[in-house]
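Down below is the structure, laid out as structure tokens.
Numbered from 1 within each chain, the chains take letters A, B, ... in sequence-line order.
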Protein chains: 2
Amino acid sequence: MDEDSLQGRADARHDLGRNLTRGMLDSLGRAIVVGRFEGRPFPTEAEIAKAHGVSRSVTREAVKMLTAKGLVSARPRQGTVVEPSSNWNLFDPDVLRWLMERKFSVDLLRHFNQLRIAIEPEAAALAARFHEPADLATIRAGLHRMEAAEDGNDDPLDADIAFHVAILRASKNPFYAQFQTVVATALQTSIRFTNRIKGRSANIADHAAVADAIAARDVDGARTAMRRIIGDVLELIASRPEVEA
Amino acid sequence: MDEDSLQGRADARHDLGRNLTRGMLDSLGRAIVVGRFEGRPFPTEAEIAKAHGVSRSVTREAVKMLTAKGLVSARPRQGTVVEPSSNWNLFDPDVLRWLMERKFSVDLLRHFNQLRIAIEPEAAALAARFHEPADLATIRAGLHRMEAAEDGNDDPLDADIAFHVAILRASKNPFYAQFQTVVATALQTSIRFTNRIKGRSANIADHAAVADAIAARDVDGARTAMRRIIGDVLELIASRPEVEA
DNA sequence: TGTTGCATATAGTATGATAAATCGTATACG
DNA sequence: CGTATACGATTTATCATACTATATGCAACA
């Protein structure tokens, strides 16, 4: 692409961002997730370093981070190997992002929402029991943003995400809070999918019902109201097995 | 160990296992989770290296793995800082283990099971829909191990874990499969707690009900049967707010 | 035929030097 | 006096190189 090519020098640093290690992590992570090393063996430290024109330290630290996320494992003499995807830490934001950046998959979207329908109704129920005043304010703020988005005064996707994230946090259970990334990713993906299928106007009433139930400390009401929201999405996906990228 | 000790050198390598980086990761991870750097600043690379008698490479790679798990973040001149625990990747097996190794906490146990009551009933429902013959065999094998444990021919805890894990995997949703670690950890912890409170004999009937419902592809039956199992545990915890370590 | 031992490839560790980024402070300027 | 600019110091980031540990496979040997 630039002068480096003329010398045939292996210097691919422009691919990686300002932070070389971080860039290498991203590059390798994406490559693994798209299955580039399926038949092939994972390259050795020296090969990676040479191919990307960076030092061995950088590649080592990137590979270490991949091990920390469960994508690879390394042993002397045997080399570094890609772990089966069942060992990948799917709730890691990076891993999740790499999964989304590859070819769009309805399966993944369905799996996302199968998870959401377990988590979010229960999170709403917990929120109804344990929320504090500040949480309620945040939830209602999300709702108002959704209404504002109706008139084009806010981004509907951001507003939707803010609402759901607020409920996860209001559950006062740190494990539920972890799903922020998953939910955000799921929503960002589904928007591509459900984009113009139907207006999201009716949805606001459903969301308001959740907020009201939580405010009223109605545990079962919050759960069923939230279940309705996700259930709608899930049906939408199920009814369209085929999809355009 | 050897002559090095005679020189009074700072060599704490005996604390770390065979793999220095891995040992350092463990050491630092535990220290962070127990809050050893709450008021204090996180030590610099050079300090860690000197304190543990290892090279900077080792400490750097360990710290990189910690950042990959969300425990710390590092920037030049500013140093390395411990992230707020809301950024920790709680579903990482290492992080989960460090959390358990510290002082026993009823809160944590409650949070575990609040999560389980969302995940596992839905996993059972999905398993009823999507399981394959091999999954059913694995589930039943877990059940048989529980029965064997009744007569002292197997470890009851391992058997219980095997059963629950089998259902997570039978859901055919990779996100649910991720909870294996959480469930295993939760069970290993609760056993300490519920140990002698009541016999686990009645429990086998409940577990068998789940297996039967899954086999019969009874989606709702599987869900409610599983809900009963976890609900029992949750009540048990709620009824005993105080606990001995 | 089986076992031992050696050569080799690869990740692991050590060391020291340089680069980059940022914070605090001092200094110059308005 | 206040504000902006320049400099210095600290810490991570990167590089380069050497050496160690470990496991694999082959070959010599009993």
Show me the protein contacts with nucleotides 17-20 of chain C, counting only N or O atoms at under 3.5 Å.
unit_1 : atom_1 : unit_2  : atom_2 : d
C:dA17 : N6     : B:Arg56 : NH1    : 3.2

Legend entry - Spacing between A:Leu20 atom CG and D:dC15 atom C1', to the nearest angstrom: 10 Å
Legend entry - Residue pair B:Leu90 / B:Leu99, side-chain heavy-atom distance below 4.5 Å: yes
Inset, instruction - For residues A:Glu120 and A:Ile167, determine if any side-chain heavy atom of one lies less than 4.5 Å from a side-chain heavy atom of the other. - result: no
Legend entry - Interface with DNA chain C, restricted to residues 66-75 of chain A and to heavy atoms under 4.0 Å: A:Ala74, A:Arg75
Legend entry - Atom-to-atom span, CZ of B:Arg60 to P of C:dT15 - whole angstrom: 16 Å
Legend entry - Interatomic distance, A:His52 NE2 vs D:dC15 C1' [rounded to whole Å]: 17 Å
Inset, instruction - Give a yes/no on whether any side-chain N or O of A:Lys64 is located under 4.0 angstrom from OP1 or OP2 of C:dA11. - result: no
Legend entry - Donor + acceptor pair across side chains of A:Asp154, A:His144 (<3.5 Å): no
Legend entry - Closest heavy-atom pair and its distance - A:Asp92, B:Ala68: OD2-O, 3.4 Å
Inset, instruction - Assess the side chains of A:Thr59 and A:Glu45: does a donor N or O sit below 3.5 Å from an acceptor N or O? - result: no
Inset, instruction - Indicate yes or no: at least one non-hydrogen side-chain atom of A:Leu71 is less than 4.5 angstrom from one of A:Asn89. - result: no
Inset, instruction - Scan residues 79-89 of chain B against DNA chain D and write down, sorted by residue number, each residue with any heavy atom closer than 4.0 Å; if none is found, say none. - result: B:Gly79, B:Thr80
Inset, instruction - Could you pick out which residue, A:Ser55 or B:Thr44, lies toward the 5' side of DNA chain D when each is mapped onto its nearest nucleotide? - result: B:Thr44
Inset, instruction - Rounded to the nearest angstrom, tell me the gap between atom CD in A:Glu61 and atom P in C:dA11. - result: 16 Å
Legend entry - Spacing between B:Lys50 atom NZ and C:dA14 atom C1', to the nearest angstrom: 17 Å
Legend entry - Any donor-acceptor N/O pair under 3.5 Å between C:dA14 base and B:Ser57 side chain: yes
Inset, instruction - Show your working on side-chain contact (heavy atoms from CB on, under 4.5 Å) between B:Gln188 and B:Leu157 and close with a plain yes or no. - result: CA-CA 7 Å; B:Gln188 245 142 9; B:Leu157 181 55; 3.7 Å; yes
Inset, instruction - Give the rounded distance in Å between these two atoms: CZ of B:Arg22 and P of C:dA11. - result: 19 Å
Legend entry - Sidechain N-carboxylate O distance under 4.0 Å for A:Lys172, B:Asp107: no
Legend entry - Whole-Å distance separating the CD atom of A:Gln78 from the C1' atom of C:dT8: 16 Å
Legend entry - Ring centre gap for B:Phe179 and A:Phe91 strictly below 6.0 Å: yes
Inset, instruction - In sequence, state the C-alpha distance, the side-chain angles, and the governing distance for A:Thr138 and A:Arg169, and then conclude on side-chain contact (heavy atoms from CB on, under 4.5 Å). - result: CA-CA 10 Å; A:Thr138 312; A:Arg169 300 170 68 115; over 6 Å; no
Inset, instruction - Would you indicate whether the side-chain heavy atoms of B:Arg60 and A:Arg60 approach each other to under 4.5 Å? - result: no
Inset, instruction - May I ask you to test the B:Glu61-B:Leu20 pair for a side-chain heavy-atom distance under 4.5 Å? - result: no
Legend entry - N or O in side chain of B:Asn19 less than 4.0 angstrom from C:dT13 OP1/OP2: yes
Legend entry - Rounded distance in Å - CD (A:Glu45) to C1' (D:dT17): 14 Å
